[in-house]
Q: 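Here you go, one structure.
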2 protein chains.
Amino acid sequence: MSDALLIALREHVGQDNLLWGASIDERYKTDWSRAVSNEPLVVVRPKSTEQVSATLRLCHAHRHPVTVQGGMTGLVGGSQTNPGDVVISMEFLQGVQEIDTAASTLTVWAGTPLQRVQEAAQAQGLYFAVDLGARGSCQIGGNISTNAGGNRVIRYGMLREQVLGLEVVLADGTVLTNLNKMLKDNAGYDLKQLFIGSEGTLGVVTRAVLRLHPLPTETLTALCAVPDDEAVLGVLSRVRQQAGPSLLAFEVMWPDFYAFMTHRVAGIRSPLAELDRDSLVILMEFAADQSGLDSARLEHMLEQAAHAGLLTDAAIAQSGAQAESFWRIRDSVSEFPILLSPYTSFDVSLPIQTIGSFVKQLKPELVEQFPNVESLFFGHIGDSNLHIVVHVPGDRASFPKNKIDEVVYTLVKQFEGSVSAEHGIGTRKKPWLGYSRSPEEIALMKTIKAALDPHQILNRGKVI
Amino acid sequence: MSDALLIALREHVGQDNLLWGASIDERYKTDWSRAVSNEPLVVVRPKSTEQVSATLRLCHAHRHPVTVQGGMTGLVGGSQTNPGDVVISMEFLQGVQEIDTAASTLTVWAGTPLQRVQEAAQAQGLYFAVDLGARGSCQIGGNISTNAGGNRVIRYGMLREQVLGLEVVLADGTVLTNLNKMLKDNAGYDLKQLFIGSEGTLGVVTRAVLRLHPLPTETLTALCAVPDDEAVLGVLSRVRQQAGPSLLAFEVMWPDFYAFMTHRVAGIRSPLAELDRDSLVILMEFAADQSGLDSARLEHMLEQAAHAGLLTDAAIAQSGAQAESFWRIRDSVSEFPILLSPYTSFDVSLPIQTIGSFVKQLKPELVEQFPNVESLFFGHIGDSNLHIVVHVPGDRASFPKNKIDEVVYTLVKQFEGSVSAEHGIGTRKKPWLGYSRSPEEIALMKTIKAALDPHQILNRGKVI
């Protein structure tokens, strides 16, 4: 069976586009976590939509499962190879095909790294609004199939809101090409929505038309200390009203996280005066070009908030370098594996007015279960997205990951939050999907999966 | 069969919630167009999600078709009763359930008129961003199931982008309740996307959580004459870059439309000097509160555009009343049935850089077919959305509607546009769906319809 499939792939996709046996590099067998390494049957590296289509048509006919791989930077095992799968790696299907400045759109092949999309837009004075740490390695097709988020969702929305058109290959090899550039298009069901965020389980994205925005040429960055989590909501409500769409990012660091970054990470200093034990720190970014805020208005806004008792201290970056140093406090998450090993991390959403209580309740629950636990809290709070890092000292083998998951996700369920804000479900969060979705919802997901991929060949065992 | 269904509905939904026989008012038989009047089997007016569920469960079991009705203001026959259908009218399922100011969300029953949603948000200093002429009669559930657009899509997006959570009843009566308020939630497939814009063919929306924005407290309105359609794109590109998200609306009127409104409609005067024959007129609206433009900056922007040869004349409204008088030129579409009868109208999208050529090509084609034709062009050009009104003098009975449709949609197809920008497909545009969607796309729509509504009971014969 597998031999017949291999022969057919060689014939219809071309030997040059296949890797098998010893020529399969380790990177096709595992993701960045290196948690598992599995041998695929063959790696297909298509150079055209037709080759993706031929590969899927053959796998569908042979009922052979397929793992779709982008930049392999996902955090939930969504592109981890299953043993014996046909791997489709999108790495050769790359390049920006067109930028239409009148329509403010960019048409791109799925295997293109996010950073190349950003740079291509910027070269035309335009802006692609989704950004995340893995920008140099992750691929735009992966960003689309996971509905990626990042720091500026509060202003521009998730990746879903940046997609105007898609080309997708269905499980049976059918190609759906709709490279629409128009903002309004209500002609029948909006099929592209099915493929955005479904983690490659319903189809393989080959090309996309992305919406671009005017490039924010100047920004203002402020770091503020606030007395408690209620003050966070007070500041958010004020800056939303007063700065409107000039508000580009609203990041919150709980005291544990801020202290970790500013006291234990080499080269990071706090620009704020010594903080109270309970103070949270907010990092805000604003557009400051012609249509945005200016620094006098920002100062006035912050002063008003201080008068209202919402802020205890604030610093506005006076240079690009200083703004970068503020962001370094929030973004130095690569220190966790160095300083907090072993640890596990979470990406959850919570109704915004309950995030403070959630943290207050979770911390002692973790301590009760794991007396030496260290937990850090931070996130895109303007988007209801909380990240959590949990470290329990000891060796990696006895690290109680499942028990920590259980504690955290049980509380997320109780707070009616989401077990995945932006990372997706993949395989790692699959046991917890039912904590955020009802049996009726999961049943409908399965109905859709069965309708679009009747032989369950696409990313089998992922998501649902 | 029908009798058994009626008996079961009486038992499970309650006699008080049913209308039958002579008690069925004409408004349940026809839509605003009064084009067709059909007798339903029964009208169900549920007062709870459970009653919607019971109705659908019974209709599913009896394989009996259902027409779902909101405010009956749709323009494509999407809620037109089919003879003998069970009609579900959402009119009693109304009211704003909650406004969460911290999360900036509003939870509402589907049968609530759009205007009540807008007013409830405004009473809390917040803003619901979708607006359209039928606001007093149309229902938010209908707006959701048609993915309504309107004037401010360029700034806030379509209705799809305002929906955070939905409660939906499936064809078999299954209730999916996901009244999510969080901006980020990537836990499995985003099921709500299926029901937004599918015109009631996949499920019945009963409740929704809508995203609110800060209320734009002050606006600036400008009316500008530009020499040709290329200048329209030049002005759009400039104001997008310079005003960014302060740009709330960008409406364009072709010379025929502007002349009609300012010369033939009583009480409307042009605030611009006499225009050249080919001049188009742009109506722009900007947010002018703290985070927006001020009038000096707007004047400067317009002066720069005039120096660049893009504008020949401009007027900035000096009062709310004057701004309203500018909008009246654009919005007095209720004059068409009075002054241009018989006529037909279109709601199409076109790739933005080709809208000018499309109009230039369509006008002579219409004249060739219908020598006495009068055609008017206008639309939300910032969103790629063109509206067209075509009048051919003569009696209503011999009005060549189908032939005009054929001419217009054939050119839309040739320009790779969309036969429906914001009105949907319903029954009236169904023959033309294939002009904007490939056979593969329509086949997938049918697959999804069959998976979610296997007995095809929901809005049978609509959309696909």
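Here is the naming used below: chain letters follow the sequence lines, and residue numbers restart at 1 for every chain.
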Q: How about residues 178-189 of chain A versus chain B: which residues have heavy atoms under 4.5 Å apart?
A: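 Checking residues 178-189 of chain A against chain B gives A:Asn178, A:Lys181, A:Met182, A:Leu183, A:Lys184, A:Asp185, A:Asn186, A:Ala187, A:Gly188, A:Tyr189.
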Q: Just checking A:Phe358 against A:Phe415, ring centres under 6.0 Å apart?
A: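 Ring centres of A:Phe415 and A:Phe358 closer than 6.0 Å.
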Q: Would you please test A:Thr201 and A:Asn459 for side-chain contact (heavy atoms from CB on, under 4.5 Å) and show each step?
A: CA-CA 5 Å; A:Thr201 60; A:Asn459 275 3; 4.0 Å; yes
Q: With a 4.5 Å limit on heavy-atom distance, are the side chains of A:Val412 and A:Trp432 in contact?
A: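 The answer is no; the side chains never approach within 4.5 Å.
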Q: Verify side-chain contact (heavy atoms from CB on, under 4.5 Å) between A:Glu167 and A:Thr49, making sure each step is shown before the conclusion.
A: CA-CA 9 Å; A:Glu167 182 177 75; A:Thr49 303; 2.6 Å; yes
Q: Would you give the length of the straight line joining atom CD1 of A:Ile352 to atom CG of A:Asp229, rounded to the nearest 0.5 angstrom?
A: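 Rounded to the nearest 0.5 Å, the CD1-CG separation comes out at 11.5 Å.
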Q: Mind ranking B:Ala450, B:Ser237, B:Pro351 by heavy-atom pairs under 4.5 Å with chain A and telling me who comes out on top?
A: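 It is B:Pro351.
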Q: Based on non-hydrogen pairs under 4.5 Å, which of A:Lys449, A:His423, A:Gln353 is most in contact with chain B?
A: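 Of the candidates given, the most pairs with chain B belong to A:Gln353.
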Q: Going by distance alone, is a donor N or O of one side chain under 3.5 Å from an acceptor N or O of the other, for B:Tyr127 and B:Arg152?
A: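 Result is yes, a qualifying pair exists.
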Q: Supply the atom-to-atom distance A:Glu416 CD to A:Ser349 OG, rounded to the nearest 0.5 angstrom.
A: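 One finds 13.5 Å between CD of A:Glu416 and OG of A:Ser349.
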Q: Please find the pair of heavy atoms, one from B:Gln162 and one from B:Tyr156, that lie closest to each other, and give the distance.
A: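 So the minimum-distance heavy-atom pair works out to NE2-O, 2.8 Å.
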Q: Determine the option with the most heavy-atom pairs under 4.5 angstrom with chain A, choosing from B:Val419, B:Val153, B:Thr174.
A: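 Counting heavy-atom pairs under 4.5 Å, the top option is B:Val153.
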Q: Rounded at 0.5 Å granularity, tell me how far CG in B:Leu233 sits from CD1 in B:Ile355.
A: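 It is 8.0 Å, given to the nearest 0.5 Å.
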Q: Select, from A:Pro214, A:Ser420, A:Gly417, A:Ser384, the one with the greatest count of heavy-atom pairs under 4.5 Å involving chain B.
A: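 Option with the top pair count is A:Ser420.
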Q: Can you measure from CG (A:Leu293) to NE2 (A:His300) and round to the nearest 0.5 angstrom?
A: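 Between A:Leu293 CG and A:His300 NE2, I get 11.5 Å after rounding to 0.5 Å.
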Q: Counting only non-hydrogen atoms closer than 4.5 Å, can you tell me which residues of residues 98-105 of chain B sit against chain A?
A: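 Expected list: B:Asp100, B:Ala102, B:Ala103, B:Ser104.
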Q: Side chain from CB out, backbone as N, CA, C, O: work out which of these in B:Val175 comes under 4.5 Å of a heavy atom of chain A, or both, or neither.
A: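 For B:Val175, backbone heavy atoms alone lie under 4.5 Å from chain A.
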Q: Out of A:Met301, A:Lys430, A:His380, A:Glu199, which one racks up the most heavy-atom pairs below 4.5 Å with chain B?
A: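 The candidate making the most pairs under 4.5 Å is A:His380.
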Q: Measure B:Phe195 against the heavy atoms of chain A and call it side chain, backbone, both or neither at under 4.5 Å.
A: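 It is the side chain, since no backbone atom gets that close.
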Q: Do A:Asp347 and A:Asn385 pair up side chain to side chain, a donor and an acceptor below 3.5 Å, judged on atom types alone?
A: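 A:Asp347 vs A:Asn385: donor-acceptor pair found between side chains.
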Q: Relative to chain A, which segment of B:Met158 carries a heavy atom at a distance below 4.5 Å: side chain, backbone, both, or neither?
A: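 The answer is the side chain of B:Met158.
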Q: Out of B:Leu202, B:Thr146, B:Leu236, B:Thr177, return the one with the most heavy atom pairs under 4.5 angstrom to chain A.
A: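 So the answer, after comparing B:Leu202, B:Thr146, B:Leu236, B:Thr177, is B:Leu202.
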Q: Taking side chain as everything from C-beta outward and backbone as N, CA, C, O, which of these in B:Ser198 sits under 4.5 Å from a heavy atom of chain A? Side chain, backbone, both or neither.
A: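 Its backbone and side chain both get close to chain A.
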Q: What distance do A:Arg297 atom CZ and A:Gln242 atom CD have between them, rounded to the nearest 0.5 Å?
A: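 One finds 9.5 Å between CZ of A:Arg297 and CD of A:Gln242.
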Q: In terms of heavy-atom proximity below 4.5 Å to chain A, should B:Leu170 be classed as side chain, backbone, both, or neither?
A: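 The answer is the side chain of B:Leu170.
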Q: For A:Leu298 and A:Phe286: C-alpha separation, side-chain torsions, deciding distance, then whether side-chain contact (heavy atoms from CB on, under 4.5 Å) applies.
A: CA-CA 9 Å; A:Leu298 174 58; A:Phe286 301 90; 3.5 Å; yes
Q: Taking atom CG of B:Leu452 and atom CG of A:Leu444, what is their separation to the nearest 0.5 Å?
A: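 Taking CG in B:Leu452 and CG in A:Leu444, the distance rounds to 5.0 Å.
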Q: For the candidates A:Leu176, A:Ile464, A:Val463, A:Leu191, which exhibits the highest count of non-hydrogen atom pairs separated by less than 4.5 Å from chain B?
A: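 Of A:Leu176, A:Ile464, A:Val463, A:Leu191, A:Leu191 has the most heavy-atom pairs under 4.5 Å with chain B.
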Q: With chain A as the partner, which of B:Leu350, B:Ile154, B:Leu247, B:Leu215 has the greatest number of non-hydrogen pairs under 4.5 Å?
A: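 That would be B:Leu350.
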Q: Please name all residues satisfying side-chain contact (heavy atoms from CB on, under 4.5 Å) with A:Thr217, sequence neighbours left out, ordered by chain then number.
A: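 Per chain and number, A:Thr217 pairs via side-chain contact (heavy atoms from CB on, under 4.5 Å) with A:Asp289.
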Q: Which residue out of B:Ile196, B:Thr447, B:Asn147, B:Leu126 racks up the most heavy-atom pairs below 4.5 Å with chain A?
A: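 Option with the greatest count: B:Asn147.
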Q: Can you say whether B:Leu194 sits under 4.5 Å from chain A via the side chain, the backbone, both, or neither, judging by heavy atoms?
A: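 Looking at B:Leu194, just its side chain touches chain A.
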Q: Between B:Arg437 and chain A, with a heavy-atom cut-off of 4.5 Å, which part of the residue counts as in contact: side chain, backbone, both or neither?
A: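 Just its side chain gets close to chain A.
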Q: Check whether any side-chain heavy atom of A:Leu433 sits under 4.5 Å from a side-chain heavy atom of A:Ile442, and report yes or no.
A: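 Of all side-chain heavy-atom pairs linking A:Ile442 with A:Leu433, at least one is under 4.5 Å.
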Q: State which residues pass side chain to side chain donor-acceptor pair (under 3.5 Å) with A:Ser438; sequence neighbours excluded, sorted by chain then number.
A: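 A:Ser438 satisfies side chain to side chain donor-acceptor pair (under 3.5 Å) with A:Glu440, A:Glu441 only.
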Q: Among the options A:Gly424, A:Pro216, A:Ser436, pick out the one with the most heavy-atom pairs lying under 4.5 Å from chain B.
A: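 Most heavy-atom pairs under 4.5 Å with chain B: A:Gly424.
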Q: What option among A:Arg160, A:Glu161, A:Arg240 has the most heavy-atom pairs under 4.5 Å with chain B?
A: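 Among the listed options, the one with the most contacts to chain B is A:Arg160.
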Q: Taking the six-membered ring for Trp, are the ring centroids of A:His387 and A:Phe346 within less than 6.0 Å of each other?
A: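 No.
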